[in-house]
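Below is one structure; the comments refer to it alone.
Letters go in sequence order (proteins before strands), and every chain restarts at 1.
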Amino acid sequence: MQVKQLHPWPGSVAEAQALQDRLRGQVELTGPTDFRLVAGLDVHYRGDELTAAVVVLDPGAPEPVEQVVVEGRVAFPYVPGLFAFRELPALVEALERLTVTPDLLVCDGYGLAHPRGFGLACHLGVLTGVPALGVGKTPFVGTYETPGPERGDWSPIVHEGAVVGRALRTRPGVKPVYVSQGHRISLDTATGQTLRLASRYRLPEPIRHADHLARHPA
DNA sequence: GCGACAG
DNA sequence: ATCTTGTCGC
């Protein structure tokens, strides 16, 4: 698929933050409500080396539509809030190698629920123009009440007075996941898709597939 | 000022 | 993220 050219690479924390502040203005918080091809993205680390995996699913179909694995190196030190810069080059390359264009990107991490409102899911969404959402496994920014115990129960994540995401229970009695908008998607739709894609396990199927592929490359 | 902080 | 065993439960 076509991906916008990767911007000049930031050489410092300040440059990376400035880039996020600039790109944040391009995020759109509304978009389609139905999606056919859904891509899951994840990265596996081994020291400074990494493996990025993208798996495209057609929910309901027994087999993935397409899978891509890219080997690379960590592209930025780990700084909370700048996490995206570590794996962006490898993920972008993997997306470029796809022969199909997904209708939705399901990212492992956060989107709007981020210190500057521009997490990995926003970044990938803006670079591709494709609707994107982020699913985090642990809390990051903001405060929230523990959601009810049933699948589908959720509570808003509030950061600096604004709702930036939701703590969502995808499995009864299992700790929630943290959903936020990436690009071209509403919070209701992001929540609905996360729930739809995580019917059997806590995490959405596309992310589970990508995680497995990144750990055990074919 | 100090601690906490997606993966 | 990663270093790491067994164990409880569906």
- Query: Within a strict 4.5 Å, meaning less than it, do heavy atoms of the A:Val164 and A:Val158 side chains meet?
  - Reply: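 Not in contact.
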In whole angstrom, give the distance that lies between atom [atom1] of [X] and atom [atom2] of [N].
X        : N     : atom1 : atom2 : result
A:Phe118 : B:dA6 : CZ    : C1'   : 15 Å
A:Glu160 : B:dC5 : CD    : C1'   : 14 Å
A:His159 : B:dC5 : NE2   : P     : 15 Å
A:Glu87  : C:dA1 : CD    : P     : 10 Å
A:Leu133 : B:dA6 : CG    : P     : 19 Å
A:Tyr144 : B:dA6 : OH    : P     : 12 Å
A:Asp211 : C:dT2 : CG    : C1'   : 13 Å

Exercise for review: Show the numbers, then the answer: is there a ring pair (Phe, Tyr, Trp, His ring centres under 6.0 Å) between A:Phe85 and A:His123?
Suggested key: CA-CA 9 Å; A:Phe85 293 97; A:His123 212 137; 5.5 Å; yes
Assign [X] to base, sugar-phosphate, or nothing according to its heavy-atom contacts below 4.0 angstrom with the strands shown.
X        : result
A:Gly136 : sugar-phosphate
A:Arg171 : nothing
A:Gly81  : base
A:Leu50  : nothing
A:Pro115 : nothing
A:Leu82  : base

DNA chain C in dot-bracket form (Watson-Crick or G-U pairs under 3.5 Å, [ ] crossing, | inter-strand) is ..........
Measure up the A:Tyr144 and A:Tyr178 rings against each other and bin them: parallel (under 30°), tilted (30 to 60°), perpendicular (over 60°).
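Perpendicular.
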query = Can you say whether the rings of A:Trp9 and A:His7 are parallel (under 30°), tilted (30 to 60°) or perpendicular (over 60°)?
reply =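 Rings of A:Trp9 and A:His7: parallel, under 30°.
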### Task
Scan A:His44, A:His216, A:Arg46 and name whichever one has a side-chain hydrogen bond (donor to acceptor under 3.5 Å, both in side chains) with A:Thr51.
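Only match with A:Thr51 under side-chain hydrogen bond (donor to acceptor under 3.5 Å, both in side chains): A:Arg46.
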Notebook entry, point to check: So, do A:Tyr45 and C:dA1 meet the stacking rule of ring centres under 5.5 Å and planes under 30°?
Noted result: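 Stacking between A:Tyr45 and C:dA1: absent.
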With salt bridge (Lys or Arg N to Asp or Glu O under 4.0 Å) as the rule and sequence neighbours excluded, what pairs involving residues 2-22 of chain A come up?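 Listed by first then second residue: A:Asp21-A:Arg24.
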[N] OP1/OP2 closer than 4.0 Å to side-chain N/O of [X]:
X        : N     : result
A:His44  : B:dG7 : no
A:Thr138 : B:dG7 : yes
A:Tyr78  : B:dC5 : no

With a 4.0 Å cut-off, would you call A:Arg166 and A:Asp188 a salt bridge?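 A:Asp188 and A:Arg166: salt-bridged.
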